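A quick note: this is a predicted structure, and the numbers were derived from the prediction, not measured. First the proteins, then the strands, lettered A, B, ... as listed; each starts at 1.
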2 protein chains.
Amino acid sequence: MELLGYGNPARLDATFAALADPTRRAILARLAQGEASVTELARPFAMSQPAISKHLKVLERAGLVSRGKDQQRRPVRVQAQPLAEANAWIEDYRRILEANYRRLDSLLAELQAKP
Amino acid sequence: MELLGYGNPARLDATFAALADPTRRAILARLAQGEASVTELARPFAMSQPAISKHLKVLERAGLVSRGKDQQRRPVRVQAQPLAEANAWIEDYRRILEANYRRLDSLLAELQAKP
DNA sequence: CATGAGAATAACCATTTGGTTATGGAACTA
DNA sequence: TAGTTCCATAACCAAATGGTTATTCTCATG
């Protein structure tokens, strides 16, 4: 089967890189409860608003987030699809590893059966 | 339930950061077929051996890989557990999103039932 | 129109990242 | 012992990252 490496690599790069920062994961966790404005997202963090805007840009480049317009506010919504791709990569990988473990198990069993 | 944010954050940082590079994902894909020496891992890449050693160090710091000793060779093996943690984070997240979608669906259904 | 709130952008800075070449050490091999 | 293979380490470099402050833009409202 060997799916590993399929899918858009640059997209995966951006997704995993976006997830590699605790602030950004916290932002996503907040957004899982519903959309929020930039200021609302910034409030819990000991960090300036421009810093949060930068993090949002990283999340947006990864496609993990999209922005709307509501008067002066720019509500941020979560976007599920890139997560699905990242998840697929990891799942494929784990599936292959498990298959290998099973092969190793049956090999060991075979060696034990006919010593 | 709200599991998001549990688990060792620094560990997650390292794991996602390690996965954010296509060379390192390719190395993991190669290692899924079985352990390999540094030179074997380096061969497919248009990149120097020290560069691969650096990538391996990143993977090792993330706990995604461990190294053995076999004479002059330093065989590299894959380590599945950190992947499981990364996977758990993503899965938790997607689960929460899906729950929200379901809530939204039933809200819409309710609005349609009594207009 | 003046003010103020929400958010983006610019300019700057320190640190990290991903690569290089050069060198050195450890273990096999002739 | 001398050479060779495998790998790590050091020193260096350019670019990216994650933060800052200062400024600007947009929109709503007094």
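Remark: A:R24 engages A:H55 in a side chain to side chain donor-acceptor pair (under 3.5 Å) (not counting sequence neighbours). Residues meeting the side chain to side chain contact (heavy atoms under 4.5 Å, CB included) test with A:A14, sequence neighbours left out: A:A62. A:E91 is linked by a side chain to side chain donor-acceptor pair (under 3.5 Å) to B:N87, counting only residues two or more places apart in sequence or in another chain. Taking the side chain to side chain donor-acceptor pair (under 3.5 Å) definition, one finds that B:R74 meets it with nothing, sequence neighbours left out. Considering only residues two or more places apart in sequence or on other chains, B:R67 meets the side chain to side chain contact (heavy atoms under 4.5 Å, CB included) condition with B:V38, B:L56, B:E60.
Along DNA chain D, the nucleotide nearest to A:T23 and the one nearest to A:K69 differ in position, and the one closer to the 5' end is contacted by A:T23.
Rounded to whole Å, the distance from CG on A:D70 to C1' on D:dT26 is 13 Å. In this structure, B:Q72 places its CD atom 6 Å from C1' of D:dC6, rounding to the nearest Å. Atoms CD1 (B:I27) and P (D:dC7) sit 13 Å apart, rounded to a whole Å.
Look at A:S37 and you won't find any side-chain N or O under 4.0 angstrom from OP1 or OP2 of C:dG6. When the side-chain nitrogen and oxygen atoms of B:Q71 are compared with OP1 and OP2 of C:dC28, one or more of them lie within a distance under 4.0 Å.
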Protein-to-nucleotide contact annotation, 5' to 3' order, nucleotides 8-18 of chain D [B base; S sugar-phosphate only; - none; under 4.0 Å, heavy atom]: BB--------B

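Here the side chain of B:Y93 pairs a donor or acceptor atom with the backbone of A:L28 at under 3.5 angstrom.
When heavy atoms are screened at a 4.0 angstrom cut-off, A:T39 is found touching the sugar-phosphate backbone but no base atom.
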